[in-house]
Amino acid sequence: NNKNIDLFSIEHEWNYISALKIIESNYILGVGQKNFRIACKEKKYLVKYGCSTHPHNVFLQILSEIGLIGSLPIFGLFFYICYYFLKPIFKKNLEEAYIYNFKYLLIFSIFISILPIIPSGNFFGTWLSVIAFIPAGFILFNIFNDEK
């Protein structure tokens with residue numbers, strides 16, 4: 001009977017609203033890495049139950065904590081990955097996107113880690129960074145060995 005659209009859960013929505021308020025005031029540089037938990041307690045950003053250690057969304061966390069300038073490389077990576085996946089589909093060359101391609105699978109794991117439409121863990125925390133950055137090391141190794 002709820003006529004509102006809730007994003008995943010009401011708790012996530014409160015965190016997102018708090019992050020959007022922080023982004024609105026600090027969109028260039030953000031509030032600082034791992035400072036969402038401090039900034040959301042300020043009166044101008046406070047949303048009832050909307051203060052947590054991070055906003056539980058990678059893009060909202062990145063924009064609120066490191067701002068637009070700091071997020072440009074991550075957004076660039078995200079759009080490059082989207083291009084990498086869609087290029088074979090538009091060229092109708094699906095063999096290039098063969099599911100057992102090692103590099104393709106590694107890039108897909110990074111894509112899942114930074115997907116903006118799902119709730120996520122802390123991007124600047126330990127385990128999520130490991131999931132995103134270990135495949136990046138293997139991709140770079142693969143790229144440099146392909147050139148030799």
Side-chain angles (χ1 to χ4, degrees), residues 1-90 97-146:
N1 294 335
N2 187 359
K3 295 185 181 190
N4 295 330
I5 298 174
D6 294 328
L7 301 170
F8 303 104
S9 72
I10 191 68
E11 291 82 11
H12 283 101
E13 190 170 331
W14 290 328
N15 284 332
Y16 295 172
I17 292 169
S18 183
L20 289 171
K21 285 184 175 185
I22 292 171
I23 293 167
E24 185 178 6
S25 298
N26 304 293
Y27 65 93
I28 299 291
L29 295 174
V31 293
Q33 184 177 338
K34 295 179 118 179
N35 281 331
F36 178 83
R37 70 184 85 211
I38 296 166
C40 69
K41 292 177 185 174
E42 293 180 23
K43 188 175 182 179
K44 61 183 174 180
Y45 307 130
L46 192 61
V47 175
K48 186 178 179 181
Y49 308 117
C51 197
S52 180
T53 56
H54 60 282
H56 293 83
N57 182 288
V58 171
F59 276 31
L60 290 177
Q61 180 182 8
I62 289 168
L63 281 172
S64 65
E65 292 185 359
I66 60 176
L68 191 60
I69 292 174
S71 65
L72 286 177
I74 297 168
F75 290 160
L77 174 67
F78 179 75
F79 289 120
Y80 174 76
I81 291 172
C82 289
Y83 168 76
Y84 186 81
F85 284 126
L86 295 175
K87 183 176 69 169
I89 294 170
F90 288 121
Y98 188 56
I99 191 66
Y100 295 110
N101 182 340
F102 178 67
K103 190 165 52 171
Y104 195 82
L105 290 173
L106 290 172
I107 290 174
F108 189 67
S109 68
I110 295 172
F111 177 75
I112 291 171
S113 298
I114 61 176
L115 193 63
I117 60 171
I118 58 173
S120 62
N122 187 353
F123 184 76
F124 298 112
T126 309
W127 76 270
L128 191 62
S129 297
V130 168
I131 291 172
F133 299 132
I134 284 184
F138 284 114
I139 291 167
L140 291 173
F141 176 78
N142 193 336
I143 290 170
F144 290 122
N145 279 345
D146 284 347

Point to revise | Residues forming a side chain to side chain contact (heavy atoms under 4.5 Å, CB included) with E24, sequence neighbours excluded | key: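 Counting only residues at least two positions away or on another chain, E24 forms no side chain to side chain contact (heavy atoms under 4.5 Å, CB included).
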Atom pair [atom1]/[atom2] of [X] and [Y] - distance to nearest 0.5 Å:
{"X": "I112", "Y": "S120", "atom1": "CD1", "atom2": "OG", "answer": "13.0 Å"}
{"X": "I118", "Y": "S113", "atom1": "CD1", "atom2": "OG", "answer": "8.5 Å"}
{"X": "H56", "Y": "W14", "atom1": "NE2", "atom2": "CH2", "answer": "13.5 Å"}

Determine all donor-acceptor pairs shorter than 3.5 Å in which one atom belongs to a side chain in residues 57-78; sequence neighbours excluded.
unit_1: N57; atom_1: OD1; unit_2: F59; atom_2: N; d: 3.1
unit_1: N57; atom_1: OD1; unit_2: L60; atom_2: N; d: 3.2
unit_1: N57; atom_1: ND2; unit_2: P116; atom_2: O; d: 2.8
unit_1: Q61; atom_1: OE1; unit_2: F123; atom_2: N; d: 2.8
unit_1: Q61; atom_1: NE2; unit_2: E65; atom_2: OE1; d: 3.4
unit_1: Q61; atom_1: NE2; unit_2: N122; atom_2: OD1; d: 2.5
unit_1: S64; atom_1: OG; unit_2: L60; atom_2: O; d: 2.9
unit_1: S64; atom_1: OG; unit_2: Q61; atom_2: O; d: 3.2
unit_1: E65; atom_1: OE1; unit_2: K34; atom_2: N; d: 3.0
unit_1: S71; atom_1: OG; unit_2: G67; atom_2: O; d: 3.0
unit_1: S71; atom_1: OG; unit_2: L68; atom_2: O; d: 3.0

Enumerate donor-acceptor pairs with a distance under 3.5 Å from any side-chain N or O in residues 38-53 to protein atoms, sequence neighbours excluded.
unit_1: Y45; atom_1: OH; unit_2: N26; atom_2: ND2; d: 3.0

Check your understanding: Counting only heavy atoms not in F108, do more than 12 sit closer than 6.0 Å to its CZ atom?
Key ->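 No - once you tally the heavy atoms of other residues, nucleotides and ligands closer than 6.0 Å, there are 12 at most.
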Point to revise | Heavy atoms of other groups near I28 CD1, more than 12 under 6.0 Å | key: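 More than 12 heavy atoms, drawn from other residues, nucleotides or ligands, come within 6.0 Å of this atom.
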Practice item. Please name all residues satisfying side-chain hydrogen bond (donor to acceptor under 3.5 Å, both in side chains) with Q33, sequence neighbours left out, ordered by chain then number. Key: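 Q33 satisfies side-chain hydrogen bond (donor to acceptor under 3.5 Å, both in side chains) with no other residue.
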